[in-house]
Amino acid sequence: MAHDHLIEMLDLDAEVLHEYHRDLIGWVGREAADRPRIVDIGAGSGTGSLALARELPGSEVTAVDVSPEMLAHLRSRADAAGLGGRIRTVEADLDQPWPDLGPTDVIWAAASMHHMADPGHALASAYGALRPGGLLVIAELDSFPHFLAGTPDEDVEERGHAEAAKRRHEAGLHMHENWGERISQAGFTAVTERHFDIDLRPPLPAAAARYAEVSLLRMRHGLQERLSASDLAALDKVVAGLGGRDDLSVRTERTVWLARR
Ligand SMILES: C[S@@+](CC[C@H](N)C(=O)[O-])C[C@H]1O[C@@H](n2cnc3c(N)ncnc32)[C@H](O)[C@@H]1O
């Protein structure tokens, strides 16, 4: 269940936060070489791979992920969008020595670097894979989306996020790293950082309620032993009633770093 929801959640993130994704892709497009060869690491359901292939004519994208389910979904989306000829998929665990990915002008890592067991290894591998002058892009989440701010349910959502953050920390995920510093330490130069404060207010597109539902379900999934019975019941009630609400918002913060090899 969790994995299906992850694919759907990533697709909905692209749809609901399309202005953020458009801004980001535009920025990267202006910095990238002509007809770049791009490697999307931890490509997931394909948000970055598809948007980059669309934005940058003549680009070629190698989408790398450890999950065959993600790559199969990405492939079917790429084919359906007529981009299949410029996007290839490679199944690999990027915590291991990287496969030879060929000459690379751009490495794109969106919400994936925090999953690496050893981000230092991943950054050194990215450095080794890029041509001199090539562009590294790291996008990370400062905060996961909040949907209930300013409503009577905001406190229970907040407690859920706090417990989910502890859980991620205990699982060894590298959230809230100083990626700018780590990128510099790995030898990259010209590090630029941009912060995106996303705050979407009603009326929201229809997809936003489903995005809230799958996000809250995923959050709820890991908290059985961590929240009180009354909080769990309150969250279940919120999830069941999302479709009929007109007070949802979407608030999340992202930071993106660009750097040169
Ligand atoms: C949160 S998703 C982000 C997906 C996509 N980049 C996006 O922005 O929507 C993280 C992805 O990293 C992949 N991943 C995690 N650890 C990995 C590893 N060691 N090697 C390759 N991929 C990995 C996961 O399978 C997942 O698809």
Side-chain angles (χ1 to χ4, degrees), residues 2-25 27-28 38-55 61-78 81 87-101 106-126 129 136-145 164-165 167-168 171-177 179 196 198 207 211 214-215 217-219 221-222 250 252-257:
H3 213 68
D4 285 349
H5 277 148
L6 178 57
I7 290 180
E8 189 183 1
M9 190 184 75
L10 295 173
D11 286 351
L12 286 163
D13 186 276
E15 186 177 345
V16 175
L17 308 185
H18 62 92
E19 276 181 39
Y20 155 71
H21 290 286
R22 198 186 53 207
D23 257 25
L24 173 54
I25 293 285
W27 182 31
V28 171
I38 300 166
V39 173
D40 181 0
I41 66 173
S45 72
T47 299
S49 293
L50 269 73
L52 289 162
R54 239 186 233 117
E55 172 77 12
V61 180
T62 301
V64 187
D65 206 285
V66 72
S67 157
E69 292 87 1
M70 287 290 180
L71 292 175
H73 181 81
L74 187 156
R75 158 105 353 253
S76 66
R77 284 181 73 200
I87 299 180
R88 71 174 174 131
T89 54
V90 172
E91 186 184 327
D93 179 353
L94 296 167
D95 283 324
Q96 302 300 319
W98 284 20
D100 181 3
L101 298 166
V106 177
I107 290 186
W108 166 276
S112 56
M113 206 47 99
H114 67 257
H115 284 282
M116 301 296 149
D118 178 0
H121 162 78
L123 290 173
S125 306
L136 173 71
V137 183
I138 294 184
E140 280 292 336
L141 291 90
D142 302 306
S143 70
F144 283 77
R167 188 165 172 260
R168 282 190 290 271
L173 294 192
H174 297 269
M175 305 303 303
H176 311 298
E177 293 268 339
W179 293 106
F196 294 83
I198 298 160
Y211 182 43
V214 293
S215 301
L217 274 174
R218 275 180 57 77
M219 181 175 93
H221 182 63
V250 186
T252 176
E253 291 174 52
R254 314 263 161 124
T255 303
V256 182
W257 293 263

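Note that ligands are numbered from 1 as they come in the structure, with each ligand's atoms numbered from 1 the same way. Not measured: the values here are computed from a predicted model.
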Q: Indicate yes or no for a side-chain donor-acceptor contact from D65 to the backbone of A43 under 3.5 Å, with no hydrogens or angles considered.
A: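 Indeed, once roles are kept as given, a pair shorter than 3.5 Å links the two residues.
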Q) Does any N or O in the side chain of R77 come within less than 3.5 Å of the main-chain N or O of S45, such that one atom is a donor and the other an acceptor? A)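 Yes.
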For ligand 1, which atoms have a heavy atom of [X] less than 4.0 angstrom away?
| X | result |
| --- | --- |
| A92 | 20 (N), 21 (C) |
| G44 | 4 (C), 27 (O) |
| L94 | 18 (C), 19 (N), 20 (N), 21 (C) |
| D93 | 18 (C), 19 (N), 20 (N) |
| D95 | 19 (N) |
| H115 | 1 (C), 10 (C), 15 (C), 16 (N) |

Q.
For a quick check under 3.5 Å, do H115 and D95 share a side-chain donor-acceptor pair by atom type?
A.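 Judged by distance alone, the side chains do not pair up.
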(Q) What I want to check is whether the side chains of H114 and E140 have a donor and an acceptor closer together than 3.5 Å. (A)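 The criterion, which ignores hydrogens and geometry beyond distance, is satisfied for E140 and H114.
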**Q.** Side chain, backbone, both or neither: S45 near ligand 1, heavy atoms under 4.0 Å
**A.**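 The answer is neither; S45 stays 4.0 Å or more away.
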Could you name the option among [options] that has the heavy atom nearest to [atom]?
| atom | options | value |
| --- | --- | --- |
| atom 27 (O) of ligand 1 | V66, L71, L6, D65 | D65 |
| atom 8 (O) of ligand 1 | G46, A110, A109, A14 | A110 |
| atom 11 (C) of ligand 1 | A63, A139, G42 | G42 |

(Q) Between D23 and R254, does any side-chain N to carboxylate O distance fall below 4.0 Å? (A)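 Salt bridge absent between D23 and R254.
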Q: Step through the shown structure and confirm whether more than 12 heavy atoms of other residues, nucleotides or ligands are within 6.0 Å of CZ on R168.
A: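 Result for CZ/R168: enclosed.
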Q. To the nearest 0.5 Å, what is the distance between CD (E69) and CD1 (I7)?
A.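 E69 CD to I7 CD1: 6.5 Å, rounded to 0.5 Å.
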Q. Among the heavy atoms of A43, does any lie under 4.0 Å from an atom of ligand 1?
A.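 Contact check A43 vs ligand 1: positive.
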Q.
Over 60° means perpendicular and under 30° means parallel, so tell me whether Y20 and F196 are parallel, tilted or perpendicular.
A.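 Taking F196 first and then Y20, their aromatic rings stand perpendicular (interplane angle over 60°).
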